[in-house]
Amino acid sequence: MTSSPTWDPSQPILEIEHLSISFFTRLREIPAVMDFSCKVMAGEAMGLVGESGCGKSTVALAVMRELGKTGRIVGGSIKFKGRDLTTMSAEELRHIRGSEIAMIYQEPMASLNPAMKVGAQLAEVPMLHSGMSKADAWKLARQIVADVRLPDPDRIINSYPHQLSGGQQQRIVIAMALMAKPALLILDEPTTALDVTVEAGIVDLVKELGEKYGTSMLFISHNLGLVMDVCDRICVMYSGEAVETGNVEQVFDEMRHPYTQALFRSIPLPGADKNARPLISIPGNFPLPHERPPGCNFGPRCDYFQKGRCDAAEVPMFPVPGSDRHETRCFRWAEIDWDAPPAKREVKEKAEIGRVVLKMEDLRKYYSVSGGAFGGGTKKVVKANETLSFEAHEGETLAIVGESGCGKSTFAKVLMGLETATSGSIMLFDENVQSTPIQKRNTDTVSQVQMVFQNPFDTLNPSMSVGRQIIRALEIFKYGKSDEERHQRMLELLDLVKLPRAFAERMPRQLSGGQKQRVGIARAFAGGAKVVVADEPVSALDVSVQAAVTDLLMDIQRENKTTLLFISHDLSIVRYLSDRVMVMYLGHVVEMGTTDQVFSPPYHPYTEALLSAVPIADTHVQRKRIVLEGDIPSAMNPPPGCPFQTRCRWKSQVPGNLCETEVPPVQVLEGGHQIKCHLSREILATMEPVIKIAAE
Amino acid sequence: MGLFVLRRLGVMLLTAIALTFVVFFLTNLQPNLEKLARTEGSVRMSEEAVQDWIEQNGHSGSVFLRYGQWLGVVPGWTYTDEKGDTRGRCFQIGEDPATAPRYCGLLQGNWGYSTFFKAPVLDSLGEKLAATGWLMLAVMLVMVPTSLILGVLSGMREGSVTDRTLSTFSIASTATPEYVSGVVLVALFATAATGISPLLAEWGLIEPKKTLFLASATSAMDDITFWNFALPVMTIALYGIGYIARMTRASMTEVMTQQYIRTARLKGVPFRTVVMRHALRNALIAPFTVIMLQFPWLLNGVVIVESLFNYKGFGWTLVQAASNNDIPLLLACSVVAVVVVLLTQLISDIGYVFLNPRIRLA
């Protein structure tokens with residue numbers, strides 16, 4: 001028996017009470033989670049939201065009692081079906097793991113054994129827990145693989161994890177969790193590593209399976225939109241504590257904690273605009289676990305902070321009356337006017353858009369790779385970029401959108417000169433730089449075209465101080481005559497990216513992610529860059545920091561009239577900050593136009609699917625669900641004709657087999673809106689908007 | 001796969017030619033040839049006589065041509081002296097040069113005549129190689145399982161008492177070279193006056209004045225027994241055990257921190273099964289290469305151990321060939337060594353593909 005004798009299904013499946021977890025290092029005890037309580041009823045999906053380091057994953061791992069050597073539960077209880085998991089023996093725990101509670105992980109590739117066939121990894125679960133025979137277990141594995149809607153289950157169970165795509169791997173991890181029909185499923189950022197269209201499919205699957213099997217879920221994510229899609233209840237965490245918990249609708253529409261409010265104001269929802277309604281970032285930084293302030297943890301960053309009250313004593317959870325188990329950890333929740341508009345929203349001038357700075361024409365980049373497993377074999381050509389043509393103007397933000405493998409990073413590399421194009425021309429201020437690799441470009445060109453990278457953690461030299469790194473860039477760009485002059489300029493650059501001048505002496509490891517990214521931006525602008533390629537500059541950062549960094553980029557752009565090429569897969573942020581958008585799929589530009597043109601119909605069928613896949617954390621927004629079947633085809637073996645034809649839901653509207661045989665022409669609609677599609681203008685005109693905002 | 005092996009064999013052949021040429025060049029340097037002339041002819045030969053001897057025995061001329069003759073791609077040398085007697089590479093004195101083959105080198109199966117064994121190189125070398133083969137086999141049988149078990153045991157729970165104990169043992173054993181451990185083992189187990197043998201003799205377990213193990217492995221040439229073979233095998237294996245165990249441990253500890261191990265644990269898999277089924281195969285990928293690299297190193301180890309225990313195998317032959325300036329024998333030894341090294345590398349690369357499904361050789 002796995003449930004206690006007094007337990008019945010009307011009681012919570014999972015009940016966490018006053019849970020405290022600490023990690024013990026040689027120096028000190030670091031409290032990771034304090035006084036955390038939550039309840040998950042049968043069939044309910046509970047969302048756990050918060051920024052990195054807030055302790056949400058620690059809670060999940062504590063439920064599994066998998067805290068490593070240093071982590072320990074120092075207080076409270078975790079009751080699963082009425083039995084306390086914290087006092088269970090290792091052997092009892094083993095029977096619950098995998099059979100009663102299963103977990104789905106963030107990185108599917110890393111969590112599957114690379115040297116075992118998928119089927120063997122799946123079949124292991126029922127063989128262990130219900131003593132099923134090997135043949136039966138494999139049969140069940142095949143059935144569950146079909147259940148998670150993977151094509152050709154017989155082939156899949158006989159393959160190794162590396163032979164599957166990321167989305168398929170995640171479906172396997174889900175299948176593995178479902179093998180024993182668990183009562184509770186813990187999902188730790190299950191879609192973070194995946195593309196949005198794949199994510200949409202996985203989310204649908206999880207919801208559907210949850211209903212089918214009646215599984216309760218603990219869903220951990222930093223993505224509020226996703227939580228709204230999947231969960232019934234939500235628990236917002238900040239710095240090791242639950243700060244607000246309640247029904248998803250209630251928390252989203254009537255939040256009663258300042259942190260939740262600040263979080264919602266810092267994410268780009270439809271309607272936000274970089275000039276008229278800019279995002280509001282949360283000031284200050286996340287407190288380190290051993291430097292938490294007295295009283296309310298959010299106090300130092302809170303707009304409603306009252307000295308002597310908020311920092312006097314630990315804040316308990318207050319129930320919000322007239323609601324369904326809605327609680328908040330704020331002394332002042334009843335006093336604050338929650339509907340008041342934010343005070344310090346400043347309206348900014350729209351930047352002037354000037355002359356053409358960068359012009360690409362018919363750019364192509366092909367790679368050749370060898371095919372055979374032991375080398376040799378036939379050479380294959382990967383068409384990373386196919387007939388890319390566009391112009392970018394001074395002071396303009398051009399967003400390049402697409403999923404992994406669409407060729408957006410190759411494009412950036414070609415522009416930077418890290419790779420040379422196969423054919424076509426790149427005109428930068430009337431100079432053709434197409435076939436000039438970066439080593440041969442002159443200092444001027446190099447300093448004019450700079451890049452801000454995706455991962456600020458890897459792009460700074462860990463053994464050089466921040467100031468030194470910026471000065472090094474200035475030296476390379478041959479800026480200034482003396483060291484003093486460069487030092488002065490470095491301090492100005494720190495001002496520009498709103499970092500204290502004292503940071504010049506710091507080492508990169510002493511900075512937070514957002515601060516590192518600011519250093520990266522300072523370095524890019526060191527030589528007065530005219531064109532900056534920002535390759536997913538905020539995707540590695542937390543939501544509250546993202547807003548600050550994007551704002552900074554926008555401010556610098558306004559001042560310097562920089563052309564910003566913003567590469568991203570995050571459509572919300574693209575809608576927020578870009579002037580024009582270019583949508584790429586398998587090396588082709590499938591749609592290009594102003595932000596309004598791209599985000600409203602007519603759409604290219606791919607853009608339509610992409611838009612519908614992005615979860616939006618707003619209960620007023622209605623989305624049409626279009627889930628794309630299958631994966632992105634390999635660029636090594638692209639489909640003939642239109643690159644999108646294998647997944648397109650509009651294909652039947654095109655007469656004949658045009659889609660399979662011919663690459664569609666670029667149709668120019670009114671206002672210079674370009675769509676690469678065979679659909680006739682009449683059909684395009686009938687398209688409905690994917691996102692509707694309900695009247696408020 | 002076939003193409004890959006063919007290509008690798010091609011590269012191997014080129015490497016072998018280059019390496020043997022280096023050995024050929026070094027052993028055929030002029031001073032060495034003069035020394036050879038004096039040992040083969042007479043110690044009191046005059047300078048001119050030495051030069052004559054070198055010329056008359058086919059050691060003059062371009063080093064490339066001589067290498068070609070040795071390889072069997074250039075016709076063998078002939079020399080006809082004033083008396084009309086003809087000597088040559090491919091026939092003995094007195095035979096008719098006309099009936100002898102023109103080419104006689106490695107490719108024709110003629111590896112030369114060993115001046116040390118007074119016999120064709122090929123015949124004597126084969127027998128010695130067989131002896132070393134048995135030694136190596138025994139070493140591998142002892143070393144590989146022991147070291148893998150030690151490595152896995154210490155790597156599966158990093159930092160535990162088991163780990164610390166086994167790691168100390170491995171470090172100690174790999175830090176002791178064979179010429180030290182060999183002597184220590186002999187002193188402990190195979191000396192009538194010291195170690196445990198006198199004690200055992202006192203207790204009546206072995207005959208007086210005898211030793212537990214034999215300090216000489218010469219008798220193992222005819223009949224391998226535990227008593228005459230254990231010490232040489234242990235001497236070589238001890239060093240390797242420590243080394244491979246360290247490698248296995250490092251790879252095992254790394255694998256145990258991987259996420260898929262956590263996945264397996266959270267599936268409710270018992271610890272034993274986690275180690276055996278999920279960790280082991282992944283952890284063996286790195287040590288496999290190391291084990292394969294041990295083969296060439298074993299060749300090196302046997303040189304010391306075979307001399308120490310007077311076991312007349314390949315290593316012993318190599319030492320004798322070098323000290324007696326037996327050029328054909330030395331060259332043959334180098335050919336064998338090169339082939340062994342390169343073949344094990346090929347096997348290692350192919351085995352890697354089978355162990356690690358992600359690897360594709362290119």
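Remember, it's a predicted structure, so these values are computed and weren't measured experimentally. Each chain gets a letter, A, B and so on, in the order the sequences are listed, and its residues count up from 1.
In this structure, the side chain of A:Ser111 does not engage the main chain of B:Gln259 through any donor-acceptor pair within 3.5 Å. Proximity of a side-chain donor or acceptor of A:Asn113 to a complementary backbone N or O of B:Tyr260 within less than 3.5 Å is not detected.
Within 6.0 Å of CZ on B:Phe25 lie no more than 12 heavy atoms contributed by other residues, nucleotides or ligands. The number of heavy-atom neighbours closer than 6.0 Å to CZ of B:Phe271, taken from other residues, nucleotides and ligands shown, is above 12. Within a 6.0 Å radius of NZ in A:Lys139, no more than 12 heavy atoms belonging to other residues, nucleotides or ligands are found. Counting non-hydrogen atoms of neighbouring residues, nucleotides and ligands closer than 6.0 angstrom, the CZ atom of B:Arg8 exceeds 12 such neighbours. Residue B:Tyr243 places its OH atom among 12 or fewer non-hydrogen atoms of other residues, nucleotides or ligands, all under 6.0 Å distant.
Note: A:Gly98 leads A:Gly98, A:Ala177, A:Pro161 in heavy-atom pairs under 4.5 Å with chain B. For the set A:Met176, A:Arg94, A:Arg65, A:Glu107, the entry with the most heavy-atom pairs within less than 4.5 Å of chain B is A:Arg94. Of the listed residues A:Met103, A:Glu91, A:Gln121, the one with more heavy-atom pairs under 4.5 angstrom with chain B than any other is A:Gln121. Of the listed residues (B:Ala264, B:Ala279, B:Pro270), the greatest number of heavy-atom pairs within a distance under 4.5 Å of chain A belongs to B:Pro270.
Within the 4.5 angstrom heavy-atom criterion, no atom of A:Ile186 approaches chain B. Interface residue A:Met64: backbone and side-chain heavy atoms are both found under 4.5 Å from chain B. Neither the backbone nor the side chain of A:Met179 has a heavy atom closer than 4.5 Å to any heavy atom of chain B. Contact of A:Ala102 with chain B is not made at all, since no heavy-atom distance falls under 4.5 Å. Contact of B:Val269 with chain A is made through backbone and side chain together, with heavy-atom distances under 4.5 Å. For chain B, the nearby part of A:Leu112 is the backbone; its heavy atoms alone come within less than 4.5 Å.
Here the shortest heavy-atom pairing between B:Asn282 and A:Ala115 reads OD1-CB, 3.3 Å. Contact between A:Val125 and B:Lys267 at its shortest, heavy atoms only, is CG2-CD, 3.2 Å.
In this structure, the separation between CE on A:Met127 and OG1 on B:Thr273 is 10.5 Å, given to the nearest 0.5 Å. Residue A:Leu93 holds its CG atom at 9.0 Å from CG of B:Leu266, rounded to the nearest 0.5 Å.
Between A:Glu66 and B:Arg262 there is no salt bridge, since none of the side-chain N atoms of the basic residue sits less than 4.0 Å from a carboxylate O of the acidic one.
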